[in-house]
Amino acid sequence: MELLWERNEMEVASFAVAKRLTEKNLFILDMDGTIYLDRTPIPGAIDFVCWLKARQKDFVFLTNNSSKSSETYYKNLACMGFEIDRENLCTSNHATILFLKDRFPNQRVLFMGTSDAAEEYKKQGIDLALPFDRCMDSAYDVAVLGYDTGLSYEKLKNFCHWVRKGLFYISTHPDINCPSLEGPLPDNGAMIALIRASTGRSPDMVLGKPQTEMLNLLLKRFGREKAETLIIGDRLYTDIRMGAENGVDTLLVLSGETKEESIPNERDPKGVDPIFPTFVSRSLSETLAFVLKMEA
Ligand SMILES: [Mg+2]
């Protein structure tokens, strides 16, 4: 594990680390806590993306946050100053839509999520309803739990009703909390625990990071190999785990969920199942400054 701020002081070793970073050709960047918090870009993130473009690197913003449609993400990212093409974005909704089309073609889906996200599923041909009382007379084949920032008791009780009936149950992602400027916000992992307490069931499938399929989907999209890929993110059990379990180098940034004192290391693994990042940087700003210094 390489701490970039320590490497900044050591010229020879720094050069080797910078070379490993700059030789990557596909950069997979997490969003919440890595490139922005709420709607505020993290300092250095826009410049880092400009650096990627100037070096003609492939890059993709990959988020587990399924509360918004791709269209909303494009608009929000553009407002923040991130100018990207459609191929530069992938969400756990994309992975879920592909999974549904593959495993449950033409079946009816009950989706606990936002109306905005639901529109994306419908545009992709998924026959889907939100769990409102008025929709409860129909029959469903699959239950999908998305990050529902418009959650109501009506939706929750109806969703639990159908989970209890034994439908195949999917969560778009496992994140327990979503980082924000106000602090952690309850996310899908917290909802999974609530639904388990009520129904006794856990999801049959949890998509999103660290699931290998998300990574394979992106390697295929860009025609890249694992060895030339770097995953950058702020969370150990999603972003960094996806790389660590699949032989892909990772860069942990400390601008979101993970704090310096909770980084596991060989002497202090911080638990029974430690996840070791390849590189650690305080933020993308520090990463860019490090790389530029070594390029000069
Ligand atoms: Mg994050």
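Start at 1 and go down the list; that is how both ligands and their atoms are numbered.
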Exercise. Test Phe82 against Phe61 for ring pair (Phe, Tyr, Trp, His ring centres under 6.0 Å), laying out the working first.
Key: CA-CA 10 Å; Phe82 293 101; Phe61 293 155; 5.7 Å; yes

Practice problem: Could you tell me whether any N, O or S atom belonging to Asp234 is less than 2.8 Å from the Mg ion (ligand 1)? | Solution: yes

Exercise. Inspect the contact between Asp127 and Arg108 and indicate whether a charged nitrogen and a carboxylate oxygen are less than 4.0 angstrom apart.
Key: yes

Quiz item: So, are Asp30 and Lys209 salt-bridged, with charged N and O less than 4.0 Å apart?
Solution: yes

Quiz item: Minimum heavy-atom separation for Leu37 to Ser255, with atom names?
Solution: CD1-O, 4.2 Å

Self-check item: the Mg ion (ligand 1) - name of the N/O/S atom of Asp30 that sits closest to it
Solution: OD2

Exercise. Check all N, O or S atoms of Asp32 and name the one closest to the Mg ion (ligand 1).
Key: O

